[in-house]
Amino acid sequence: MLIVFLGAPGAGKGTQAARLAAKYGLPKISTGDMLRAAVTAGTPLGKRVDEIMRSGALVDDGTMAEVVEDRLAQSDSAPGAIMDGYPRTLPQAHRFEELAARIGDSGVDLVLYLDVPEDELMSRISHRSQVVGSDRADDDAEVARERLAVYHRQTAPLIEYYREREILREVEGTGSIDSVYARLDAVLAEAVRA
Ligand code: AMP
């Protein structure tokens, strides 16, 4: 079963994807985590993407396809995966369909769109920078705003793309972590039964 998480940066995808992955026995594949690990380890990939990630821009689709293809080839992905942060552009979504077909999956089964209103996202971003409270925090807030702009430009079109395919489920992302989790779990449980 292939599940994709969609949502703006700060919507809580990573936290929720990890909990659902544990419950449903699927690996959580977070491309952001994988790229950060590559940067920390100083691999050639890490060196290539470091600057791009710092700026809040997206890594190119070709590189991302390789990263995801390698990860999905690992044995723990045989039953499927919960994708956190991929696909993030329309070309990535197309590539992902091809890739899923090649590894014997019928395609993306379910897309969970974690919907958090813009003003809530902005207040989460500025709250974080106030908590840290330094010049660096202002830079971070600036990058966070850039990431939000990139999300609207390049990732938000995927909502319509998956809605047209009738696999999108919209889940309200406001409220406590537990209440958001309960909503997501209910949707997933229903999809697993179907
Ligand atoms: P995340 O932790 O998912 O917000 O990802 C952190 C950063 O990694 C992003 O701002 C991008 O620079 C890069 N990244 C992660 N996933 C992708 C992707 N699917 N396509 C392009 N860049 C990505």
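What you see below is based on every heavy atom in this structure, not just the backbone, and it leaves out hydrogens, waters and symmetry mates. Each residue takes its place number in the sequence, starting with 1. All ligand and atom numbering here is 1-based and tracks the order in the structure.
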Just distance, no hydrogens or angles: give the donor-acceptor pairs under 3.5 Å from side chains in residues 115-122, sequence neighbours left out.
unit_1 : atom_1 : unit_2 : atom_2 : d
Asp115 : OD1    : Tyr113 : OH     : 3.2
Glu118 : OE1    : His152 : NE2    : 2.9
Glu120 : OE2    : Arg124 : NE     : 3.0
Glu120 : OE2    : Arg124 : NH2    : 3.4

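A cation-pi arrangement is absent between Arg147 and Tyr151, since the terminal nitrogen or guanidinium carbon is not both under 6.0 Å from the aromatic centre and inside a 45° cone about the axis.
Atoms CG and CD, from Leu188 and Gln16 in turn, are 11.5 Å apart once rounded to the nearest 0.5 Å.
Between Glu69 and Arg95 there is no salt bridge, since no side-chain nitrogen of the basic residue lies less than 4.0 Å from a carboxylate oxygen of the acidic one.
Each of Thr31, Gly32, Leu35, Arg36, Met53, Ala57, Leu58, Val59, Met64, Gly85, Tyr86, Arg88, Gln92, Arg147 has a non-hydrogen atom positioned under 4.0 Å from some atom of ligand 1.
Remark: side-chain polar atoms of Arg165 are paired, donor with acceptor, to backbone N or O of Tyr161 under 3.5 angstrom.
Taking hydrophobic clusters as Ile, Leu, Val, Met, Phe, Trp and Tyr residues chained together by side-chain heavy-atom distances below 4.5 Å, Leu90 shares a cluster with Tyr86.
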